Amino acid sequence: MAVNYDKLFKTMQLHNMGNKDLIRQAGFSGNIMTRLKRNEYVSLESIEKICSVLHCKVDDIVEFIPDNDKGGNTHGAQ
């Protein structure tokens, strides 16, 4: 399963918050922001910090994308 953070950047725009503002207020490194921009794994701790700063829920900033290239076997999950 892949992860996509496009919703995060839209939420940041709604809050008139730039990357540096989020980094400072959430208290994480620039490396985390780079990982977010690349849709790479970010720890739940970092996600919690972001949600706290933006006053939102995880599903407001993260989208999980199922892998379609694994034979279509979803084990009954929707």
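These figures come from a predicted structure and were not determined experimentally.
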Please round to the nearest 0.5 Å and tell me the distance separating atom CD1 of Ile32 and atom NZ of Lys37.
-> 13.0 Å
CG of Asn31 to CD1 of Ile23, rounded to nearest 0.5 Å, is 9.0 Å
Yes or no on side chain to side chain contact (heavy atoms under 4.5 Å, CB included) for His15 and Asp21, after CA distance, side-chain angles and deciding distance?
-> CA-CA 11 Å; His15 286 84; Asp21 297 321; over 6 Å; no
Return all side-chain donor-acceptor pairs below 3.5 angstrom for residues 47-60, not counting sequence neighbours, or 'none' if the list is empty.
from	atom 1	to	atom 2	distance (Å)
Asp60	OD2	Lys57	N	2.9

Are Tyr41 and Phe28 grouped together when hydrophobic residues (ILVMFWY) are joined by side-chain heavy atoms under 4.5 angstrom apart?
-> no
Do the side chains of Val42 and Val3 join up, straight or via other hydrophobic residues, at under 4.5 Å, putting them in one cluster?
-> yes
Quick one: does Tyr5's side chain have a donor or acceptor within less than 3.5 Å of a partner on Glu40's backbone?
-> yes
Contacts of Asn4 that satisfy side chain to side chain contact (heavy atoms under 4.5 Å, CB included) - sequence neighbours left out = Asp6, Asn39, Glu63, Ile65
Where is the tightest heavy-atom contact between Phe9 and Asn19, given as atom of each residue plus distance?
-> CE2-OD1, 4.1 Å
From CA spacing to verdict: side chain to side chain contact (heavy atoms under 4.5 Å, CB included), Met12, Ile61 | CA-CA 9 Å; Met12 287 171 60; Ile61 62 170; over 6 Å; no
